Amino acid sequence: MDFDFSPEQKQLKDQVRRYLADRCDSRAVRVILDGPEPYDRALWTGLGELGYLGASIPEADGGLGLGHLEACVIAEELGRAVAPVPWDSSIALVAECLAEAGTDAQRARWLPGLAAGRAVGALALAEGTGRIGAGSIRCTARTVAGVGTTLHGSKVAVADGDVADVVVVAALDAPGSVSLYLVATDAAGVLRTAVPTIDPTRSHASLAFDAAPAEPLGGRGEGLAILERVLDRAAVLVAFAQLGGADRALESAVAYAQGRFAFGRPIGSLQAVKHMLADMYVAATLARSNCYWAAWALSTGSPELPVAAASARVSATQAYQQCARDGLQVHGGMGFTWALDCHLHYRRSNLLALSLGAPSQWEDRLVGLLRDRVAA
């Protein structure tokens, strides 16, 4: 069985890499990092105009309808470039929520804008620390005949919540019953407050809902089941972004080790540095193997997807964090300054490690799935 990408998909990968090399080098990333803009609006629009944002969105909904494999190769290049755009929130999460549970009207309203880079989406789940579940959600939805549904409560650390046009919110519609709701952020009753994170190129905000108008997304009480399916897909897509970042951090470390001399020899010839680089390579290669398996499972609708997605998520998170962290070490004292770009990957690796839930949650999920398989 051949798990490699097709020649056409590899050509797409090269096209995206060239485009990002022209439009999203480290200087462009630093403009967002150090400036007032929450994301690179021109880059986001450009990605939409070229169709890259709509790769996995059906043509009927304004996308290209290529599939998830193409979205994976695009995600890898965005991660490699540390692109300061709301791709994961808008495409990997909100677009997938709409594809999974949206009505025809909801899809027609939001998916074309997301695919074209004219709109930004966000997923609002957390209200504090701990796992997301019926017991941890206090945000409530109230439905009044003749008035409609309104949301009441707040969410914390919502990725791209300060710039989103639409937010998918998990809320209680009854004690112990979680449903999803669509909220347009320009509606009355929505208050957004930006919050700082380790990676300012990916803005976050706290959201407060005071009788904010909302539309149900999916069936009543089906919120957690929908989220589980969507997060499996998002885990695969984000894992490819992490994989791209890990590869770039490794390449940067290798190049520096070959060109930096100490005591008349390149530091890459020193045993301690060689071992560190080898460990980085092994971690990135293991992550790639798991990511390819997960991409196959996602693209084919395989029942293996939950296990494959968790495996990709765990291994890609570990690989990116290791390569970013050890890349700093290889660069020595200069790696800990703002002069070099190592910190861009260090910031992003730690942010993405928490973006879909803590690594420990995905590790527990993977162990539980494998235990169930053995028991069956």
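All residue numbers in this chain count up from 1 along the given sequence. What you see is a predicted model, and the numbers here were worked out from it, not measured in a lab.
- Atom CG of residue L43 and atom OH of residue Y52 lie 11.0 Å apart, to the nearest 0.5 angstrom.
- Within the 3.5 Å criterion, the main-chain N or O of R17 finds no donor-acceptor partner in the side chain of D14.
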D40 and C24: CA distance, side-chain angles, deciding distance, side chain to side chain contact (heavy atoms under 4.5 Å, CB included) verdict: CA-CA 9 Å; D40 191 332; C24 188; 5.7 Å; no
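- Atom CZ of R192 has more than 12 heavy atoms from other residues, nucleotides or ligands within 6.0 Å.
- The pair R348-D199 meets the salt-bridge criterion, with a side-chain N (NZ, NE, NH1 or NH2) lying under 4.0 Å from an Asp/Glu carboxylate O.
- Counting non-hydrogen atoms of neighbouring residues, nucleotides and ligands closer than 6.0 angstrom, the CZ atom of F209 exceeds 12 such neighbours.
- Residues C139 and L172 are not in side-chain contact: their nearest non-hydrogen atoms beyond the backbone lie 4.5 Å or more apart.
- In this pair, F240 and F5 present their aromatic rings perpendicular. The plane angle is above 60°, beyond the 30 to 60° band.
- For the side chain to side chain contact (heavy atoms under 4.5 Å, CB included) criterion with L47, the lone passing option out of I74, V85, I91 is V85.
- In this structure the side chain of V314 never reaches within 4.5 angstrom of the side chain of P359, judged on heavy atoms.
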Taking distance alone, no hydrogens or angles, what donor-acceptor pairs closer than 3.5 Å link side-chain atoms of residues 93-101 to residues at least two apart or in another chain?
{"unit_1": "E96", "atom_1": "OE1", "unit_2": "R233", "atom_2": "NH1", "d": "2.9"}
{"unit_1": "E96", "atom_1": "OE2", "unit_2": "H68", "atom_2": "NE2", "d": "2.9"}
{"unit_1": "E100", "atom_1": "OE1", "unit_2": "R233", "atom_2": "NH2", "d": "2.2"}
{"unit_1": "E100", "atom_1": "OE2", "unit_2": "R229", "atom_2": "NE", "d": "2.6"}
{"unit_1": "E100", "atom_1": "OE2", "unit_2": "R229", "atom_2": "NH2", "d": "3.0"}

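- Inter-residue side-chain proximity for D160 and Y39 is flagged as unmet; no heavy-atom pair is nearer than 4.5 Å.
- The neighbour count for Y281 OH, taken as heavy atoms of other residues, nucleotides or ligands under 6.0 Å away, does not exceed 12.
- Linking Ile, Leu, Val, Met, Phe, Trp and Tyr residues whenever their side-chain heavy atoms come within less than 4.5 Å leaves V169 and V230 in two separate clusters.
- Under the 4.5 Å side-chain contact rule for hydrophobic residues, V120 and L237 share a cluster.
- Donor-acceptor pairing under 3.5 Å is lacking for the side chains of E127 and S136.
- Note that OG of S360 and CZ of R131 are 5.5 Å apart. Values are rounded to the nearest 0.5 Å.
- No option in P86, P38, S355 other than P86 meets the side chain to side chain contact (heavy atoms under 4.5 Å, CB included) test with R202.
- Hydrophobic clustering places L50 together with L53 (ILVMFWY residues linked when any side-chain heavy atoms are closer than 4.5 Å, directly or through intermediates).
- Atom CG of D34 sits about 9.0 Å away from atom CH2 of W338, to the nearest 0.5 Å.
- Comment: R109 does not engage D165 in a salt bridge, judged by the lack of any side-chain N to carboxylate O separation of less than 4.0 angstrom.
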Show your working on side chain to side chain contact (heavy atoms under 4.5 Å, CB included) between R365 and E228 and close with a plain yes or no. CA-CA 11 Å; R365 174 167 169 75; E228 183 175 281; 3.9 Å; yes
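- Between V273 and Y256, every side-chain heavy-atom pair lies at or beyond the 4.5 Å cut-off.
- Within the 4.5 Å cutoff, the side chain of R347 has no heavy atoms near those of the L351 side chain.
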For a side chain to side chain contact (heavy atoms under 4.5 Å, CB included) check, start with the C-alpha distance between R80 and E251, then their side-chain angles and the critical distance, and finish with the verdict. CA-CA 11 Å; R80 178 185 177 87; E251 291 171 11; 2.6 Å; yes
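- Within a 6.0 Å radius of CG in D104, other residues, nucleotides and ligands contribute 12 heavy atoms or fewer.
- Here D341 does not pair with R248 in a salt bridge; the nearest charged N to carboxylate O distance is not below 4.0 Å.
- Atom CH2 of W293 is separated from atom CG of L305 by 9.5 Å, given to the nearest 0.5 angstrom.
- A salt bridge between D247 and R288 is present, with a side-chain N of the basic residue lying under 4.0 Å from a carboxylate O of the acidic one.
- Considering only heavy atoms from C-beta on, L191 stays 4.5 Å or farther from L207 through its side chain.
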Begin with the C-alpha distance, continue with both residues' side-chain angles, and end with the deciding distance and a verdict on side chain to side chain contact (heavy atoms under 4.5 Å, CB included) for L78 and D88. CA-CA 10 Å; L78 291 172; D88 47 347; over 6 Å; no
